[in-house]
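Residues: numbered from 1 along the sequence shown.
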Amino acid sequence: MFGRFRFISIKSKMMVLFLLIILVPIVTMFINSYLSSQQLLERKYTDLLTDISKQSNIRVEEFLEDTRQISLISSYGINSYVSAVSQENYPIQNYLREDSKRNENQATQLLMNYIRMKDLEYAIYVYNFNGGKNLYISTDSPVDYTYHPGDEEWFADFLQSEDITRDIAVVKDKQTKRANNLSILNVRKIYDMENGDLIGVMTISIPIDFINKLNDRLQEDSRSAYTIVDSNGIVLFNNNYEQIGKRFAEVLSIEDGLSPETARQVISSEGRDYLLISTPFEKHDWTAYLYMPVEELAVEGYMFKRNLVVIAALLLLFSITSSFYLSNHITKPIKRLMSNMLLVEKGKFENLPEVKSNDEIGLLANRFEQMSGELKILVERIYLEQQEKSEAEIKALQAQINPHFLYNTLNSVKWIASMQRSDKIVQMTEALISLLRYSTSNDSKLVPIREELEQITHYITIQKVRYFNKIDVVYDIDESLLEHHILKLSVQPIVENAIFHGIADMDGEGVIRISVYGREKDAICIEVSDNGEGMNEEAAGRLQEQLSGNGSRSGGIGVRNVHYRIKKVFGDPFGVSFLSNPRQGSTFVITIPRNQ
């Protein structure tokens with residue numbers, strides 16, 4: 001049996017066990033610490049990039065808000081920052097009503113003061129709808145005086161809308177002649193403060209480069225990665241102006257798609273993974289994106305990872321050394337004990353070498369030494385018992401002669417009766433021989449129903465002679481069920497009960513009906529009914545208690561015995577049930593499963 005398996009010493013198993021006990025926590029700690037550090041770094045950079053993006057968004061929107069305030073104040077009045085013109089005058093309104101040189105100078109001075117105050121390079125265009133000339137104010141870029149935005153789609157859409165002011169996302173400022181004319185435009189309708197008529201439109205053109213100037217404190221990598229996208233996913237701003245106007249997914253060459261609803265996500269682009277942070281603008285339907293390669297996160301975690309590897313290596317070395325020492329210390333007395341076992345196996349039960357150990361192994365060695373002494377006594381006792389067993393087997397063989405002697409004797413009686421032509425004695429003797437052989441055979445506890453019923457015919461033959469043929473038996477049998485198996489000697493006790501307790505004391509002829517029929521799909525019923533005396537209520541109740549397990553189990557073979565045997569072999573709901581009334585006979589039903 002043991003040759004099938006490869007032998008592995010306890011020392012090796014203990015070393016492996018000790019290593020696992022130490023290594024599993026080490027590996028778990030290493031993996032957990034490394035993953036935690038990576039998550040911490042990702043969270044740190046996520047918060048950092050989110051904060052950078054939010055601050056940039058705030059600066060951009062504050063600048064655009066200041067621009068709207070400039071257009072508002074310059075169109076409908078001046079503020080305290082301008083002292084060159086009386087607070088009671090409205091230079092832009094005056095110019096749009098009358099484009100005189102004086103009004104033009106005042107309007108130009110007002111707008112130039114605002115431009116100088118912001119210290120930025122942008123242009124202001126006032127388009128006159130009151131029949132006068134347009135006004136163009138630019139810091140250093142030449143103006144194309146032949147251009148008018150009336151044919152531009154964004155301009156026409158603004159005029160037709162009910163909006164007073166609007167920010168036009170990145171478009172080309174065709175009013176200027178500078179090489180890079182991509183700008184964000186703030187346009188405002190100017191209404192006459194006296195009659196409310198639309199008399200002009202002010203356009204403030206802000207070169208797109210103002211976003212880089214606002215974000216001059218950002219690192220170069222962050223500035224190049226900072227991208228503004230509109231609601232349709234079109235790039236409005238990127239440090240690389242060639243990307244403006246393209247779809248953001250195309251700019252990054254995103255492989256797995258982009259989820260705009262997710263503030264933090266990891267994307268793949270050209271074989272590299274990027275950490276992408278998105279932050280929406282508060283006052284514009286724009287979204288800012290900042291991204292950085294995920295591999296850069298591992299740079300800061302490299303030192304931590306290296307320290308973890310060194311610690312894990314030291315712990316591994318310690319675990320190997322300690323496991324070798326502990327396993328050797330524990331298994332040494334076990335090997336000595338195994339040596340003593342080999343001596344006992346060879347027949348040496350006394351004076352075994354001492355096993356020195358002050359733990360459970362030492363106690364085991366002491367017990368083994370005591371056991372070896374007791375084993376010696378047991379071996380001697382077993383030898384004596386084997387001798388006694390051999391003598392008992394001889395006596396058992398002799399005892400087996402008795403049934404054969406009885407069969408031979410009955411056969412002799414049968415032969416003499418046949419010689420004297422005593423047919424009844426011959427029938428009884430044949431039936432008795434069959435019953436004895438059937439009841440004493442040990443072939444199987446389960447027999448076919450057919451065989452069980454054959455023995456019932458022998459039993460009825462004997463009882464008819466005893467009761468002078470006052471017993472009549474009627475069979476109603478489904479032949480297809482006779483090959484199913486039943487417990488041996490299950491029907492005979494029921495028939496015996498019907499004769500002794502039902503028919504024996506009758507004055508007239510007794511009839512016993514034996515039926516075999518199927519019930520449902522999984523059960524067979526063997527029914528034994530008689531027209532005898534039946535049972536009174538007390539006797540029926542007492543028998544019912546015995547069958548339910550509540551009554552006394554004393555007595556020999558009978559209905560109760562058959563019931564318990566069937567339930568023990570076949571289980572519930574199989575067994576014996578009955579129905580009996582005084583002077584109306586009894587019906588007993590044996591229920592067994594189909595088991596052919």
Taking atom [atom1] of [X] and atom [atom2] of [Y], what is their separation to the nearest 0.5 Å?
X: Tyr517; Y: Ser480; atom1: OH; atom2: OG; answer: 14.5 Å
X: Met193; Y: Ile199; atom1: CE; atom2: CD1; answer: 10.0 Å
X: Ile70; Y: Met202; atom1: CD1; atom2: CE; answer: 9.5 Å

We want to know whether [X] and [Y] form a side-chain donor-acceptor pair, criterion being a heavy-atom distance below 3.5 angstrom.
X: Asn105; Y: Arg102; result: no
X: Tyr241; Y: Asp209; result: yes
X: Ser100; Y: Asn103; result: yes
X: Asn186; Y: Ser71; result: yes
X: Tyr127; Y: Gln175; result: yes
X: Arg59; Y: Gln55; result: no
X: Tyr147; Y: Glu152; result: yes

Judged by atom type as modelled, is there a donor-acceptor pair below 3.5 Å linking the side chain of Asp173 to the main-chain atoms of Asn181? no
For [X] against [Y], the heavy-atom pair lying closest together:
X: Asp197; Y: Asn195; answer: N-OD1, 2.9 Å
X: Leu135; Y: Ala107; answer: CD2-CB, 3.8 Å
X: Leu481; Y: Gly518; answer: CD1-N, 3.4 Å
X: Pro142; Y: Thr176; answer: O-OG1, 3.3 Å
X: Asn134; Y: Tyr95; answer: O-OH, 3.6 Å
X: Ala523; Y: Thr591; answer: CB-CG2, 4.1 Å

How are the rings of [X] and [Y] set to each other: parallel, tilted or perpendicular (split at 30° and 60°)?
X: His284; Y: Phe281; value: perpendicular
X: Phe248; Y: Tyr289; value: parallel
X: Phe210; Y: Phe63; value: parallel

For a side chain to side chain donor-acceptor pair (under 3.5 Å) with Ser53, tell me which candidate from Thr227, Thr279, Thr287 qualifies. Thr279
Got a salt bridge between [X] and [Y], using NZ or NE/NH1/NH2 to carboxylate O under 4.0 Å?
X: Asp51; Y: Lys54; value: no
X: Lys174; Y: Asp144; value: no
X: Asp167; Y: Arg68; value: yes

Could Lys189 and Phe158 be counted as a cation-pi pair, given that NZ or CZ must be under 6.0 Å from the ring centre and within 45° of the axis?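 Yes; both conditions hold, so Lys189 lies above the ring face of Phe158.
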Quick one: does Leu96's side chain get under 4.5 Å of Val126's, heavy atoms only? yes
Sequence neighbours left out, what passes side-chain contact (heavy atoms from CB on, under 4.5 Å) with Ile164? Give chain and number order. Arg188, Tyr191
